[in-house]
Number of protein chains: 2
Amino acid sequence: MRKVDPVKHERKRGEILDAAIRCFTRDGFRGASTTDICTEAGISPGHLYHYFPSKIAIIEAMIDLGLCRSAERFEKILTATDVIEALLADIEETSLRFRPAQILNLDGLAEAARNPEFAKIIERHTEAVRRMWADFLRRAQSQGRVDPGLDPEATANILIAIIDGSRAMPIRNPKLDIKQSTAHLKTMLIRFLSPPEAGSAASKPRDQRASRPLTLVRKR
Amino acid sequence: MRKVDPVKHERKRGEILDAAIRCFTRDGFRGASTTDICTEAGISPGHLYHYFPSKIAIIEAMIDLGLCRSAERFEKILTATDVIEALLADIEETSLRFRPAQILNLDGLAEAARNPEFAKIIERHTEAVRRMWADFLRRAQSQGRVDPGLDPEATANILIAIIDGSRAMPIRNPKLDIKQSTAHLKTMLIRFLSPPEAGSAASKPRDQRASRPLTLVRKR
DNA sequence: TCTTTACTAGAGAGATCACTCTATTAACAT
DNA sequence: ATGTTAATAGAGTGATCTCTCTAGTAAAGA
């Protein structure tokens, strides 16, 4: 009897999934057809359905993969000491510059808005991310980096909303000045999150004072 | 010879458009078919194409209508004296509570991300809204209500991003506490926008001091 | 070596989509 | 009253979509 080789099987599945991600990024969940995915992956329809039971299964696998990756990214962020710099670096790299993240994020949210199964996945993911941010905020609060008067969960919600919103920025304005936008986001976050003691001077110095004691995590 | 009655024609067009909006809200731009729209409007396909040359034309008309309505909403906001309260009232009513706005906004952005024609429309709209917010911010700055150190255009971009992000919040978390979220958004906006002089006290008093001199615009 | 089963191809079924074409009815101008 | 054209219906067209079915090939265990 011949047995299925799990390693080979998983590798092939991964290849198909990558092709599918390219297609979905290019044309959207509804715009990309299984035929497109087959062409992109260089396989036949029968072959595709040997690895995935349906189109929605491909999308779900893709979302799971995306969630894994964003969790990994988050772990990396968590090693940083400064919430604001960490968040900004993440926003600039992933939200403002990385097109697929912008598109798939929007597509996923739009789909979740009308597909209950999809919504479940997004809600679960959001919950996980919120918990991570809230934990981090709590830690930052106990270290005096973040205003202890802010509710961590609600603040995490707002941070997530800011990330979502920044993903829409380059779409709304393709000529967006990313450096300037990042700088303004930084100002906003510092003023929002800093403990009140740090906010007692004039506008510009206030920003500096709030961010100086924190380590930078710029990736480049 | 019989002439077309522009009033009657426009009224019928409007009815069909309303039906289309309901369909697009329910199923998305790609998910809603012309057959669905016909059923919803109670007309035949031939009839639909008597009023609109194509499906994309219906969507464009819908977006134009949305832009008109958001411009109207904005005019109303502009009559308010306080940016922050005005923005918050708008966010709470339109973004956090009004489902169609959440869905159609996401769908429109997702479509714009891959359809250049669509992108043009969204970009034009965004530009108009940004100009409105920037004007308002400038006025608020000259009145000492908003930190004059903030660049109005860049700040407007961020406000738009916040609005976009808040529209995703109820989708990411259907059990969202809207009151609490509005309160946190308010804290964030006050700390972000207030002139530096207002930010010299402790956390809670700071919020109060920044918001007290401004007139409230609560709709209810 | 031989059998079994995974791997792979591709035709095509059945549904659905955006849209067209033809035909009928109804309202206005003369 | 009558001709002209708008308003409306609905069958149908060709394209495309997801997914199935049959069948051939290759590899691993007996």
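To find a chain, count down the sequence lines: A is the first, B the second, and so on, and within it residues start at 1.
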ask   = Can you tell me if the side-chain N/O atoms of B/His47 get under 4.0 Å from OP1 or OP2 in D/dA7?
value = no
ask   = Is A/Gln143 atom CD crowded by more than 12 heavy atoms from other residues, nucleotides or ligands, each under 6.0 Å away?
value = yes
query = Is the side chain of A/Glu123 donor-acceptor paired with the backbone N or O of A/Ala112 at a distance under 3.5 Å, no angle test?
reply = no
inquiry  = Categorize A/Tyr51 for me: base, sugar-phosphate, or nothing, with a 4.0 angstrom heavy-atom threshold over every strand shown.
reply    = sugar-phosphate
First of B/Asp5 and B/Ile56 reached from the 5' end of DNA chain C, by closest nucleotide = B/Ile56
task = Check whether any side-chain heavy atom of A/Asn105 sits under 4.5 Å from a side-chain heavy atom of A/Ile163, and report yes or no.
result = no
remark   = Here the residues of residues 34-44 of chain A within 4.0 Å heavy-atom distance, strictly under, of DNA chain D are A/Thr34, A/Thr35
task = Write down the distance between CG (A/Leu48) and P (C/dC7), rounded to a whole number of angstrom.
result = 14 Å
Enumerate the protein-to-nucleotides 20-30 of chain D contacts in which both atoms are nitrogen or oxygen and the separation is below 3.5 Å.
| unit_1 | atom_1 | unit_2 | atom_2 | d |
| --- | --- | --- | --- | --- |
| D/dG29 | O4' | A/Met1 | O | 2.8 |

ask   = Would you say B/Thr25 and B/Arg99 make side-chain contact, with heavy atoms under 4.5 Å?
value = no
ask   = Is the number of heavy atoms from other residues, nucleotides or ligands within 6.0 Å of CZ (B/Arg69) greater than 12?
value = no
request  = With a 4.0 Å heavy-atom cut-off, tell me which residues in residues 14-23 of chain A come close to DNA chain C, sorted by residue number.
outcome  = none
message = What is the distance, to the nearest angstrom, from the CZ atom on A/Arg30 to the C1' atom on D/dT18?
response = 13 Å
task = Would you please classify the geometry between the B/Tyr51 ring and the B/His9 ring as parallel, tilted or perpendicular, with 30° and 60° separating the classes?
result = tilted
note = To the nearest angstrom, the NZ-P distance between A/Lys55 and D/dC17 comes to 8 Å
ask   = If you measure from the Lys or Arg side-chain nitrogens to the Asp or Glu carboxylate oxygens, is any gap between A/Lys120 and A/Glu117 under 4.0 Å?
value = no
task = Quickly work out the B/Asp27 CG to C/dT16 P distance and round it to whole Å.
result = 14 Å
request  = Provide, to the nearest angstrom, the distance between the CZ atom belonging to B/Arg11 and the P atom belonging to D/dA6.
outcome  = 18 Å
ask   = Would A/Glu127 and A/Arg131 pass as an ion pair if we require N to O under 4.0 Å?
value = yes
ask   = Side-chain N or O of B/His50 less than 4.0 angstrom from OP1 or OP2 on D/dT8?
value = no
Whether A/Phe29 and A/Phe24 hold their rings parallel, tilted or perpendicular, with breakpoints at 30° and 60° = perpendicular
request  = Indicate yes or no: does B/Arg26 engage B/Asp36 in a salt bridge with an N to O separation below 4.0 Å.
outcome  = no
ask   = How would you label the contact of B/Ala57 with the nucleic acid (heavy atoms, under 4.0 Å): base, sugar-phosphate, or nothing?
value = nothing
query = Which of the following nucleotides, C/dT8, D/dC19, D/dA7, is nearest to the side chain of A/Ser54?
reply = D/dC19
query = Are B/Lys179 and B/Glu92 within salt-bridge range, i.e. N to O under 4.0 Å?
reply = yes
query = Taking CZ from B/Arg13 and P from D/dA7, how many angstroms apart are they, rounded to a whole number?
reply = 13 Å
key: Passing candidate, side-chain contact (heavy atoms from CB on, under 4.5 Å) with B/Phe192, options B/Ile84, B/Thr187, B/Ile158   = B/Ile158
